Amino acid sequence: MRTDPHAGAMSFIFEAGVLKRAARTGWWFAGVKHPESIAEHSFRTALIGMMLAAMEGADPARVSMLCVLHDTQETRITDIPHIAKRYLTAVPNTAVTADQVADCPPAVADVINAAVAEYEAGETLEAIVARDADKLECLVQAVEYRHQGVADVQRWIDSSRAALKTASAHRLADAALARAPMAWLNPPASPPVT
C-alpha cells in the first residue's frame, strides 16, 4: 500500500532538512571542530555550479539541480570520510535516492532519480560541471578554513584541484588560492580625481 504521494514528498523534504544539521565529517581530520553542514556545502556547490555552467556553456538550472541533490543520500548513509571508504562498501547513491523518493509523486521521483543518475554517471556536460562545482566548493572551504587558522587543509586543496575537469573551474581555483576570502569587504579603489 502506497502512502499519499504528497505526504511522501513532504517526508523527503523533512528528511533533506537533516542535511542542515549533519556535519561534513572529513574536516574533523583537519582539526575543524565545528565543520560546515552538508546543506551549507550543497548550497554553495549549487551557486558555484550555476556560475561554472554559464562559463562552460552548460545549462545553469540543470547543473544547480544536480548540485543540490548530489549529497542528499547522506541523510541515510552520512558523510563518509574518504579514509573510511577504504573499509566500507556503500550502496550506490542512485539506490539510496530511489528509496528516499519512492513514496513521492511519480513525476517528482522521476525528476530526482534522473538527476542523481546523471550526476553519478558523470557523462553529460552538466554532470561534469556539477562535479567540478562540488570539488571547487571543497577547495574554497579549505581556503577559508586555512585563513581561519586551520593548518592541515592542503591535502583537500590538492585533491580537489586535481579532480577539476573544466577550464573555468581551474581558473576559479587559481583565483580562490590567490585571494583572501574576506577581500570582497574592501571597497574598490576610487579612480584618481583629475
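This one's a predicted model, so the numbers in the text were calculated from it and none came from an experiment. In what follows, residues are counted from 1 in the order of the sequence shown. Note that these values count all heavy atoms, side chains included, but never hydrogens, waters or copies made by symmetry.
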- Message: Run Phe29 and Ile83 through side-chain contact (heavy atoms from CB on, under 4.5 Å) and show every step you take.
- Response: CA-CA 10 Å; Phe29 293 99; Ile83 194 165; 3.9 Å; yes

- Task: In sequence, state the C-alpha distance, the side-chain angles, and the governing distance for Ile157 and Arg146, and then conclude on side-chain contact (heavy atoms from CB on, under 4.5 Å).
- Result: CA-CA 10 Å; Ile157 292 170; Arg146 183 171 61 193; 3.5 Å; yes

- Note on the structure: Interatomic distance, OG@Ser159 vs CD@Gln154, rounded to 0.5 Å, equals 10.0 Å

- Message: Is it the case that the side chain of Asp132 and the backbone of Thr166 share a donor-acceptor pair, with hydrogens and angles ignored and the cut-off at 3.5 Å?
- Response: yes

- Using atom types as modelled and distance alone, determine if a side-chain donor or acceptor of Glu56 lies under 3.5 Å from a backbone N or O of Ser168. yes

- Query: Hey, quick one: are Val116 and Leu66 part of the same hydrophobic cluster, counting side-chain heavy atoms closer than 4.5 Å, chains of contacts allowed?
  - Reply: no

- Would you mind reporting whether Thr97 and Ile112 have side-chain heavy atoms less than 4.5 Å apart? yes

- Message: Are the side chains of Thr25 and Thr78 in contact, using a 4.5 Å heavy-atom criterion?
- Response: no

- Do you know which two heavy atoms are closest between Gly122 and Arg131, and how far apart they sit? CA-NE, 3.6 Å

- Message: Nearest 0.5 Å, please: how far is CG in Asp134 from CG in Leu139?
- Response: 11.5 Å

- Item | Shortest non-hydrogen contact from Gly49 toward Cys67 | CA-SG, 4.1 Å

- Message: Looking at every non-hydrogen atom in both residues, tell me the closest pair between Thr94 and Ala117 and how far apart they are.
- Response: CG2-CA, 3.8 Å

- Task: Could you tell me the separation between the CG atom of Asp71 and the OH atom of Tyr119, rounded to the nearest 0.5 Å?
- Result: 7.0 Å

- Message: Tell me whether Leu52 shares a hydrophobic cluster with Leu177, the cluster being built from Ile, Leu, Val, Met, Phe, Trp, Tyr side chains joined at under 4.5 Å.
- Response: yes

- For residues His147 and Ala180, report the shortest heavy-atom separation together with the two atoms involved. CE1-CA, 3.9 Å

- Start with the C-alpha distance between Thr75 and Glu15, add both sets of side-chain angles, then the distance that settles side chain to side chain donor-acceptor pair (under 3.5 Å), and finish with yes or no. CA-CA 7 Å; Thr75 60; Glu15 182 176 340; 2.4 Å; yes

- Do NZ/NE/NH1/NH2 and the carboxylate oxygens of Glu40 and Arg24 come within less than 4.0 Å? no

- Kindly indicate, with the supporting measurements, whether the criterion side-chain contact (heavy atoms from CB on, under 4.5 Å) is fulfilled by Trp156 and His82. CA-CA 11 Å; Trp156 281 268; His82 183 70; over 6 Å; no

- Over all atoms of both residues, closest heavy-atom pair of Ala109 and Cys104: N-CB, 4.3 Å

- Query: Is there a path of hydrophobic side-chain contacts, each under 4.5 Å between heavy atoms of I, L, V, M, F, W or Y residues, that connects Leu136 with Val68?
  - Reply: no

- Task: Could you walk me through whether Asn113 and Val101 pass side-chain contact (heavy atoms from CB on, under 4.5 Å), step by step?
- Result: CA-CA 8 Å; Asn113 282 320; Val101 299; 3.6 Å; yes

- Task: Answer yes or no: are there more than 12 heavy-atom neighbours, outside Arg76 itself, under 6.0 Å from its atom CZ?
- Result: yes

- Query: With a 4.0 Å cut-off, would you call Glu118 and Arg62 a salt bridge?
  - Reply: yes

- Query: Out of Val32, Val150, Asp79, which residue meets the side chain to side chain contact (heavy atoms under 4.5 Å, CB included) rule with Trp27?
  - Reply: Val32

- Message: So for atom NE2, which belongs to His170, do other residues, nucleotides or ligands contribute more than 12 heavy atoms lying within a distance under 6.0 Å?
- Response: yes

- Check Gln141, Glu137, Glu74 against His41 for a side chain to side chain contact (heavy atoms under 4.5 Å, CB included) and give me the one that passes. Glu137

- Hydrophobic cluster identity match, Phe43 and Trp184, side-chain contacts under 4.5 Å: no

- Query: Can you tell me how far CZ of Arg171 sits from CG of Leu164, rounded to the nearest 0.5 angstrom?
  - Reply: 12.0 Å

- Item | Transitive ILVMFWY side-chain link Ile48 to Met50, under 4.5 Å | no

- Message: Rounded to the nearest 0.5 Å, what separates atom OG in Ser42 from atom NZ in Lys20?
- Response: 13.0 Å

- Message: If I take atom CD from residue Gln100 and atom CG from residue Asn93, how far apart are they, to the nearest 0.5 angstrom?
- Response: 9.0 Å

- Note on the structure: When every non-hydrogen atom of Val63 is compared with those of Ala58, the smallest separation belongs to CG2-CB, 4.2 Å

